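What follows is one structure encoded as C-alpha cells, with my remarks underneath.
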Amino acid sequence: PTGSTTPAAAAKITLPEDAKVVMIGDSWTSGYAAEPRTDGFAYLTADSMGWDLTNLGAAGTGYVNAGPNDEGDFADRIANREQDDDIDLVIIQGGLSDASSEDADEVTAGATRAITAARSTWPKAQLVILGPCPSRLPAPSPLTSVDSQLTALTSTRKINYLSCLKQNWINSSNYDEVIDANSSYRPSTEGHAYLAKQLEAGLRKIVVTG
C-alpha cells in the first residue's frame, strides 16, 4: 500500500520546486544500515522530490528519548538550532525510540513540544509528521499507542500526518526485504529505497509545487 493517513482538516502544502527541507528523526532518518548512508530513505526522498535536504537524524532520539549520546529529544534538538527563515518544510520522523511502556504515554507532550519548537526555529516552514514504522512484527502495543497519539495530536493541530503503521508499509510479505536483522533491526539498503518510495507517494498527495 502507498499513501498517507492525512487528517481531513489538514491543508495541502505548496512548496517551491527547490524547497529547503529539514528532516529530523532517529537512526532511520540518518540512513543507518544503508550502504552508503546517503542511500537512506530521507536522502532518496529529497532527491526524488528535488529538495535541498538538511538531515538531522540521530540514533535513539525521539519525542521523549534523548538518545544514547544525550543529543536531546526532538524538541530540545530543534530548539538548539539557530532560527532559519529560509526553511520551507520540516518533517519530523520518529516515535520508535519512545515505544517502551514507560515512555509511550509521554509522546503527546513530547510531540507538542517538538511542534512548538519547530514553529519557533523555522517560522515560515510547513510541517509534516511521519509516524514510526515497526522494526519487528507484530507491532507492539506501545508502538501502536505512539501512532495513535500522533494521529490524534496532528488531527487536532491540523498538521499532515503520514502513518507507516496504518498504511501497512512494513508487513509480513515484505518484512525480510525491508528490515535487516543484522543491523539492529533497521532498514536494509533495499528497505530504505522501499520506504523512500512509500514516503514520496504519501508526500505527493500532500505537497503541491508552485
Side-chain angles (χ1 to χ4, degrees), residues 4-7 9-10 13 21-32 40-42 54-84 87 89-123 125-136 139-167 169-170 184-187 195 199 202 206:
S4 66
T5 298
T6 305
I13 294 170
V21 177
V22 170
M23 189 180 298
I24 184 165
D26 54 29
S27 62
W28 293 44
T29 288
S30 75
Y32 187 94
F41 82 87
T54 298
N55 189 321
L56 300 180
T61 61
Y63 293 106
V64 181
N65 279 294
N69 299 316
D70 201 27
E71 290 100 335
D73 62 28
F74 290 164
D76 289 340
R77 290 171 57 211
I78 293 169
N80 286 333
R81 305 285 299 183
E82 291 187 7
Q83 189 177 82
D84 190 343
I87 300 302
L89 174 67
V90 175
I91 301 174
I92 304 177
Q93 171 274 327
L96 182 60
S97 300
D98 303 314
S100 65
S101 57
E102 63 267 24
D103 293 331
D105 290 342
E106 304 298 323
V107 165
T108 296
T112 300
R113 290 179 57 241
I115 291 167
T116 299
R119 298 212 184 281
S120 177
T121 299
W122 302 294
Q126 305 278 1
L127 187 62
V128 170
I129 307 295
L130 172 59
C133 290
S135 59
R136 299 174 188 248
S141 58
L143 188 64
T144 60
S145 174
V146 170
D147 182 67
S148 295
Q149 289 178 70
L150 293 174
T151 298
L153 177 62
T154 52
S155 180
T156 299
R157 300 291 290 267
K158 299 181 181 179
I159 296 170
N160 285 292
Y161 181 58
L162 302 174
S163 175
C164 176
L165 283 175
K166 288 185 175 66
Q167 289 298 309
W169 288 2
I170 300 176
S184 302
Y185 293 91
R186 268 85 162 197
L195 292 173
L199 178 55
I206 295 171

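All of these numbers come straight from a predicted model, not from anything done at the bench. One-based numbering along the sequence shown.
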If you measure from [atom1] on [X] to [atom2] on [Y], what distance do you get to the nearest 0.5 Å?
| X | Y | atom1 | atom2 | answer |
| --- | --- | --- | --- | --- |
| Y63 | L150 | OH | CG | 5.0 Å |
| Q167 | L162 | CD | CG | 8.5 Å |
| Q126 | I159 | CD | CD1 | 10.5 Å |
| I129 | T154 | CD1 | OG1 | 7.0 Å |
| R77 | I24 | CZ | CD1 | 4.0 Å |
| L199 | L130 | CG | CG | 5.5 Å |

Show the nearest heavy-atom pair for residues [X] and [Y], with the distance to one decimal.
| X | Y | answer |
| --- | --- | --- |
| L165 | A139 | CD2-CB, 3.9 Å |
| P187 | L195 | CG-CD1, 3.7 Å |
| P134 | I170 | O-CD1, 3.7 Å |
| D76 | D73 | N-OD1, 2.9 Å |
| G131 | C164 | O-CB, 4.2 Å |
| A58 | S30 | N-CB, 4.4 Å |

Is there a donor-acceptor pair closer than 3.5 Å between any side-chain N or O of [X] and the backbone N or O of [Y]?
| X | Y | value |
| --- | --- | --- |
| N69 | E71 | no |
| D147 | P132 | no |
| S148 | T144 | yes |
| Q93 | G25 | no |

- Message: Side chains of T121 and R81: any donor to acceptor distance under 3.5 Å?
- Response: no
- Do D84 and V22 pass the side chain to side chain contact (heavy atoms under 4.5 Å, CB included) test, and can you show the C-alpha distance, the side-chain angles, and the key distance before you say yes or no? CA-CA 11 Å; D84 190 343; V22 170; over 6 Å; no
- Message: Testing S145, P140, S141 one by one against L143 for a side-chain contact (heavy atoms from CB on, under 4.5 Å), which residue passes?
- Response: P140
- Message: Please evaluate residues N55 and T29 with respect to the criterion side chain to side chain contact (heavy atoms under 4.5 Å, CB included), reporting the C-alpha separation (whole Å), side-chain torsions for both, the decisive distance (0.1 Å), and the verdict.
- Response: CA-CA 7 Å; N55 189 321; T29 288; 3.3 Å; yes
Could you check whether any side-chain heavy atom of [X] comes within less than 4.5 Å of a side-chain heavy atom of [Y], counting everything from C-beta outward?
| X | Y | result |
| --- | --- | --- |
| S97 | T61 | no |
| R119 | L127 | yes |
| V64 | F74 | no |
| C133 | W169 | yes |

